[in-house]
Amino acid sequence: MRVISLPHRLAVLFSTLLLSVLSLSCGKPPAPSAPPPPAVSVVKPVQREVTNYLLYNGITRGVKETEVRPRVSGYLDRILFKADSQVKAGDLLFVIDQRPYKVSVERAEAELKGKQAAVNSTLSNLERVKRLAVQQAASEQELIDRQAAYDLAAADVGVAQAELNEAKLNFNFTEVRAPIAGRVSRNLVDEGTLLRVNEPILATIVNDEQIYVDFQVSEAEFLDYIRKNPKARTDKAAEMEPVIVELGMADEAGYSRSGRVIAGDNTVDPSTATFGVRGIFENPDKQIAPGLYVRVRTLMGTVTATLVPDVAVQADQRGEFVYVVIKDKDGRDVATRRSVQSGPLAGAYRRIISGIEPDDQVIFNGLLRVRPEAPVTPVFDAPPALPATMPATQPTTRATTRPATQPATTTIQ
């Protein structure tokens, strides 16, 4: 029996373990290769002519608005109209108790008759004294007295006639009629209410065939306009083309009606640094009611602009930016951040005022896969379609950056 020493047994065991490790290392698969750069859609900026608009919030007002008030005192007797209906100028709306005023008219008529009788009597006496004076049978003083009596009686007739006219006028005022044509409100008082002169308001009437829209422009926009249009504040303003304004209701996505600017304030409000402007719109279908808050935009000409898809423009604490594809020192395509100053929207595109060049490859799709200065694979996919007309809406503020939470107009997956 062969005896193997302990050192020899350890050497054999070590050799066996070494051979096992070598055999395992020879059969290990190679390490996986790095994934390819992510594919991103790119587009070059486009140059297009766009229309400038300025956006505002406005309030609608009736072209003619009037308050119907009582012109005499008394108890309201009758209401003769239907609320929220069209009335014509002169239509009878309310009747105030007429009985006291009818009595006043009858009294004034009686007093006038009495005064006219006095005139006839004094006139007869005056003519008699004149005949006697010719015959030298009446003194000159008596003639003067008779003439004065007649003049006083004639004056009393004039006063009585005026009082009768006033009584008739007050009687007519008991019938409260529409001062203008338009849409009448509900009655603001009920029958039996005691009315006083000019108090309270009985109803209101608004002529809504046309509608005013009042809005405020900033001091900077006001100054910019009058600098570009020197005639605007002169007697030659009528020679200028009217400023077109468009109106959008709260339940509308766009601007469904077109009007024109007809007036502006005579001063700039120093407390708000704004200038009041009034536009007028036709309202044949009566869909615009006075007192509505509406959106207004004014047409401010056309310009040639640099446009990129709006989804390409992002914002963070450092401001607005886009990713563009450039070559690094190793010749690879990498995405790099480019700070930009953006302007208003033009359809699905955003105007870029500064920050990019015409040959830049702007990333507009696959932005979630982009890392700054990381390799990418640019693909020239079809960008959003350019509309036939390119309206560009400009915000009323002069900020050059958008909040990071502002949603894009069009999203391309």
Side-chain angles (χ1 to χ4, degrees), residues 64-82 85-182 184-185 187-207:
K64 292 182 180 179
E65 299 182 9
T66 186
E67 296 174 342
V68 180
R69 293 177 179 267
R71 302 179 72 173
V72 292
S73 300
Y75 288 95
L76 182 59
D77 190 23
R78 284 175 288 164
I79 300 173
L80 302 172
F81 68 94
K82 183 179 179 181
S85 63
Q86 292 287 335
V87 296
K88 298 177 182 179
D91 282 355
L92 184 59
L93 305 179
F94 301 91
V95 176
I96 300 172
D97 187 4
Q98 296 179 318
R99 292 171 298 175
Y101 296 95
K102 184 177 181 181
V103 170
S104 297
V105 170
E106 293 171 348
R107 180 185 299 113
E109 288 175 341
E111 290 180 354
L112 177 59
K113 290 180 179 180
K115 299 298 182 182
Q116 288 173 339
V119 166
N120 294 334
S121 176
T122 56
L123 178 60
S124 177
N125 288 333
L126 176 60
E127 290 176 347
R128 181 179 60 81
V129 170
K130 283 181 178 180
R131 288 193 300 270
L132 292 174
V134 170
Q135 301 171 3
Q136 295 184 348
S139 66
E140 182 179 353
Q141 183 61 47
E142 187 177 3
L143 179 61
I144 293 174
D145 290 342
R146 297 301 181 184
Q147 182 68 49
Y150 171 76
D151 291 341
L152 181 60
D156 288 341
V157 168
V159 172
Q161 183 65 59
E163 290 177 348
L164 175 60
N165 292 340
E166 181 181 16
K168 289 181 177 179
L169 187 62
N170 288 335
F171 180 81
N172 290 336
F173 285 160
T174 60
E175 295 182 345
V176 183
R177 298 181 179 274
I180 63 171
V184 64
S185 70
N187 55 292
L188 303 180
V189 295
D190 295 321
E191 295 174 350
T193 302
L194 176 60
L195 310 178
R196 293 180 173 83
V197 177
N198 291 329
E199 294 294 339
I201 299 173
L202 305 179
T204 61
I205 300 176
V206 175
N207 187 329

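Numbers here simply count residues along the sequence, with the first being 1.
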Which side-chain N or O atoms in residues 88-100 pair as donor and acceptor under 3.5 Å with protein atoms at least two apart or in another chain?
from: D91; atom 1: OD2; to: K88; atom 2: N; distance (Å): 2.8
from: D97; atom 1: OD1; to: R99; atom 2: N; distance (Å): 3.3
from: D97; atom 1: OD1; to: R99; atom 2: NE; distance (Å): 3.1
from: D97; atom 1: OD2; to: R99; atom 2: NH2; distance (Å): 3.1
from: Q98; atom 1: NE2; to: T174; atom 2: OG1; distance (Å): 3.1

Would you give me the side-chain donor-acceptor pairs under 3.5 Å for residues 126-147, sequence neighbours excluded?
from: S139; atom 1: OG; to: E142; atom 2: N; distance (Å): 3.2
from: Q141; atom 1: NE2; to: D145; atom 2: OD1; distance (Å): 3.0
from: Q147; atom 1: NE2; to: D151; atom 2: OD1; distance (Å): 3.2

Residue pairs, two or more places apart or on separate chains, that pass salt bridge (Lys or Arg N to Asp or Glu O under 4.0 Å) and touch residues 166-179: E175-R177
Holding to salt bridge (Lys or Arg N to Asp or Glu O under 4.0 Å), I want the full list of residues that pass it with D156, two or more places apart in sequence or in another chain. none
Contacts under 3.5 angstrom, residues 106-123 side chains, donor-acceptor by atom type, not counting sequence neighbours:
from: N120; atom 1: ND2; to: Q116; atom 2: O; distance (Å): 3.3
from: T122; atom 1: OG1; to: A118; atom 2: O; distance (Å): 3.0
from: T122; atom 1: OG1; to: V119; atom 2: O; distance (Å): 2.9

Checking T66 now: which residues fulfil side-chain contact (heavy atoms from CB on, under 4.5 Å) with it, not counting sequence neighbours? P179, I180, I205
Quick one: list whatever passes ring-ring contact (aromatic ring centres under 6.0 Å, His included) with F173, sequence neighbours left out. none
Quick one: which residue pairs count as a ring pair (Phe, Tyr, Trp, His ring centres under 6.0 Å) with a foot in residues 139-166, not counting sequence neighbours? none
Residues which pass ring-ring contact (aromatic ring centres under 6.0 Å, His included) with Y101, listed by chain and number, not counting sequence neighbours: none
Which residues share a side chain to side chain donor-acceptor pair (under 3.5 Å) with S185, sequence neighbours left out: T204
Interatomic distance, OG@S104 vs CG@L169, rounded to 0.5 Å, equals 12.5 Å
Do any side-chain atoms of residues 190-201 form donor-acceptor pairs under 3.5 angstrom with protein atoms, and if so which ones, sequence neighbours left out?
from: D190; atom 1: OD1; to: N187; atom 2: ND2; distance (Å): 3.3
from: E191; atom 1: OE2; to: I79; atom 2: N; distance (Å): 3.3
from: T193; atom 1: OG1; to: D190; atom 2: O; distance (Å): 2.7

